Amino acid sequence: MLKRTQTCGQPRISDVGQTIIVNGWVNSYRDHGNLVFIDLRDRKGLVQLVFDPEKYPQVHKIARTLRCEWVIGAKGKVRPRGQGMENPRLATGQIEVAVEELEILNQAKTPPFEIDGSASVGEETRLQYRYIDLRRPEMLSKLAIRHRVTKIARDYYDSNGFWEIETPMLGKSTPEGARDFLVPSRLYKGSFYALPQSPQLFKQILMVSNVDRYFQIVRCFRDEDPRADRQAEFTQIDVEMSFVQSEEVMRMNETLIVRIFKEILGVNVPLPIREMTYAQSVEEYGIDRPDLRFEMKLKTITDIASACSFKVFTDTVKKGGIVKGLCVPGGAKYSRSDIEVGFTAFVTDLGAKGLAWFKVAPDETTGKLGLKSSIAKFFTPEQQQQLITKFEAKNDDLILMVADEAATVNKALAPLRVKLGKELGLCDSNKFEFVWVVDFPLFEWNVNENRFDSLHHPFTAPVPEDLPKLETDPGHIRSQAYDLVVNGSEIGGGSVRIHDPQVQAKVFDLLKITRQQAQDRFGFFLKALEYGAPPHGGIAFGLDRMVMLLTNTDNIRDVIAFPKTQRGQCLLSEAPSTVDQSQLDELNLRVQKHLHQMEEKEKSGS
RNA sequence: GGGGCCGUAGCUCAAUUGGUUAGAGCAUCGGAUUGUCGAUCCGAAGGUUGAGGGUUCGAUCCCCUUCGGCCUCGCCA
């Protein structure tokens, strides 16, 4: 075999005169009857091969039969391209290889889509033929960036004394949290392992074991419906540290993230990353992961709304709801139907009952800024001025408002703010606004179950001064949790953990996890805490989302080599699939047909 | 489990209120071609309109069912 002496992307003008061998895929061929040109592709780039019928007629004859995606080896002399024939778009564009020997290493079927094609190809086809899709330089570069991120992370943690330690993939199922993927046990019939949702308990136990500093780049599994930015199996950069408070965890890990953005994108992010409380984030952005690339903050106008005569607002306030809104700069350009059909549908889909609006314009007679809309008449001139002041509204702005329970209002307005920010071009994709969101509530009240739920997870420590509230006011305890947010995307989150078994027990009580349940589910872990657990804390970063930001894609499948579809299938391997009866027998499992299938069977049988 | 968009040649798309033989570009195949680089020129082939059913004289188009892809709500301690 003609074995390469260098890669396709390598040769330069300085290599002229050398005889080299390259291997790669035929990217394109241009047959002029006389000369034949081949662009040969490997991971490093493209190089032009030239076949001359006069000097090497046999080689030229074979070259004419080459087709796209065939795999070849070519030996020849590097020579400069003639005057005016350089290709500035190729790194190797100054030179070409005059081929003297050619070996076809493999032929290829015509690919289902063009690697070079400018037209975008449907994702279904790309996933079916992922190996061809990945040949596209855009895709390879995403894989490369992902590799570099993990490499930077490993080097960083290693140099700071962290050990990478693997934790089990076959673990114990815990019913709270996301749905588990279950794996039947052959040796213990009727019992199941669960794939880890995260290595949470194991990494904490490693702290009890005096590992002191742990990290792992680890696959996690949550059997929930996918979204554009999440799928059932994903990768975390998982970290845990002993004898630390939240401050140290944040400083240690933000340095890595900033280094990654610097090395991959050349972006300079000042340290330390700023912090914002959960309360402020929810108040001003309606969500705990604010996009700080643009302003357009939400404003609460409950007080003004309660004084007006617009019944929708006053009734909502009477029932304990709030009224919040945002001011869209230059938003008066939106038509009434944009607002009353488009935006209103957008917020009602998110649970809001409606969307109130004002356009800001000068009064015809006084020339003073006022509010125009069908509901303006319910607001006195003074109230209108109060609103304009509150929203810092200017001429031609648009004020949009939602009235409802606080949770509903925020849930509708936060996505609306982001949608408008993107539409108005306020979201610069080259800008990265980092923020630590801190002071999360430890619990949130679960109305349906009549109990508290952990906002983060049940092992998150309360802030010390709020500890007494465990007895008196659990709903207002702040936790020592922190989320790292970039441009409205949560890329990591963690906390200082509870290391006191008594506090842990109290938290379980509030979550209405009985001692028996706690023992059954986390007994091994609680026991470990009793044998001298150091104060410890950690964090986990979503590698997939981080790489999405670094590669400027909003599709998680673009940053995973072999991703799953919306319905959890791998279109390449066609997983999941049925299995042989003998496999089921070994596991003592029986597959039950769906109810509707059984009904149909009964019908056809009778 | 709910809502929305989509499915036509290998790929990306078109096809008038429901009306002749379902078209185009790229790819493919054949031929031509003296330096191209998204080569060019000439020609050819390529279709169960995702599948099944219904309405109709007639369905890519309307209706129902179903499969698949994407987005989203719920869900994601």
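All figures in this text were calculated on a predicted structure; none of them were measured in a lab. Labels below follow one simple rule: chain letters A, B, ... track the order of the sequence lines, proteins then strands, and each chain is numbered from 1.
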J.: Between the base of B:C29 and the side chain of A:Arg67, is there a donor-acceptor distance below 3.5 Å?
T.: no
J.: Tell me what A:Arg64 touches on the nucleic acid: a base, only sugar-phosphate, or nothing, going by heavy atoms under 4.0 Å.
T.: base
J.: Contact class for A:Glu123 vs. all strands (heavy atom < 4.0 Å): base, sugar-phosphate, or nothing?
T.: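 Sugar-phosphate contact only - A:Glu123 comes under 4.0 Å of backbone atoms but never of a base.
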J.: Taking atom types as they are modelled, would you say the side chain of A:Glu96 forms a donor-acceptor pair with the base of B:G35 within the 3.5 Å cutoff?
T.: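 Yes, the side chain and the base share a sub-3.5 Å donor-acceptor pair.
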J.: Heavy atoms under 4.0 Å, any strand shown: does A:Asp453 hit a base, just sugar-phosphate, or nothing?
T.: nothing
J.: Would you state whether a donor and an acceptor, one from the side chain of A:Asp349 and one from the base of B:G4, lie under 3.5 Å apart?
T.: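 Not at all, since no donor on one side and acceptor on the other fall under 3.5 Å apart.
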J.: Is A:Arg222 side chain donor-acceptor paired with the B:C76 base, going by distance under 3.5 Å alone?
T.: no
J.: Taking the P atom in each of B:U49 and B:A44, what is the distance between them to the nearest angstrom?
T.: 24 Å
J.: Report yes if the ring of A:Phe113 lies under 5.5 Å from the six-membered base ring of B:C11 with planes under 30°, and no otherwise.
T.: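 No, the aromatic ring of A:Phe113 does not stack with the base.
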J.: Scan A:Gln566 against the nucleic acid and name what it touches under 4.0 Å (heavy atoms): base, sugar-phosphate only, or nothing.
T.: base
J.: Checking only heavy atoms, does the side chain of A:Arg126 share a donor-acceptor pair with the base of B:U12 at less than 3.5 Å?
T.: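 When only heavy-atom distances are counted, A:Arg126 does not reach the base of B:U12 through any donor-acceptor pair under 3.5 Å.
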J.: Answer yes or no: is there a donor N or O on one side and an acceptor on the other, between the side chain of A:Arg497 and the main chain of A:Thr460, under 3.5 Å?
T.: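 No; judged by distance alone, with no hydrogens or angles, the pair does not exist.
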J.: With sugar-phosphate meaning primed atoms plus P, OP1 and OP2, does A:Lys411 contact a base, only sugar-phosphate, or nothing at under 4.0 Å between heavy atoms?
T.: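 Contact class for A:Lys411: sugar-phosphate only.
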J.: Ignoring hydrogens and geometry beyond distance, is a side-chain donor-acceptor pair present between A:Glu123 and A:Asn555 at under 3.5 Å?
T.: yes
J.: Under a 3.5 Å cut-off for both distances, is B:G43 Watson-Crick or wobble paired, and to whom?
T.: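 Across any shown strand, B:G43 pairs with B:C29.
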J.: Taking any strand in view, what nucleotide pairs with B:U55 in a Watson-Crick or G-U wobble way, both distances under 3.5 Å?
T.: none
J.: For B:A22 versus B:A9, give the span between their P atoms, rounded off to a whole number of Å.
T.: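 It works out to 14 Å between them.
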J.: State whether the distance check finds a donor on one side and an acceptor on the other, under 3.5 Å, for side chain A:Arg557 versus base B:G69.
T.: no
J.: Select base, sugar-phosphate, or nothing to describe what A:Glu54 touches, counting heavy atoms under 4.0 Å on all strands.
T.: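 No contact.
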J.: With the six-membered base ring of B:G35 as reference, does the ring of A:His32 sit under 5.5 Å away with planes under 30° apart?
T.: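 Whether judged by distance or by angle, A:His32 falls short somewhere, so it does not stack on the base of B:G35.
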J.: Under 4.0 Å, counting only non-hydrogen atoms across every strand here, what does A:Thr174 touch: a base, just sugar-phosphate, or nothing?
T.: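 Result for A:Thr174 = nothing.
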J.: Under a 3.5 Å cut-off for both contacts, is B:G7 paired Watson-Crick or G-U wobble with anything, and if yes, with which nucleotide?
T.: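 B:C67 - that is the nucleotide pairing with B:G7, both distances being under 3.5 Å.
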J.: For A:Glu124 and A:Gln128, which I'm curious about, is there any donor-acceptor pair between the side chains at under 3.5 Å?
T.: no
J.: Does B:A14 have a Watson-Crick or wobble mate here (both distances under 3.5 Å), and if so which one?
T.: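 When the pairing criteria are applied, nothing turns out to pair with B:A14, so the answer is none.
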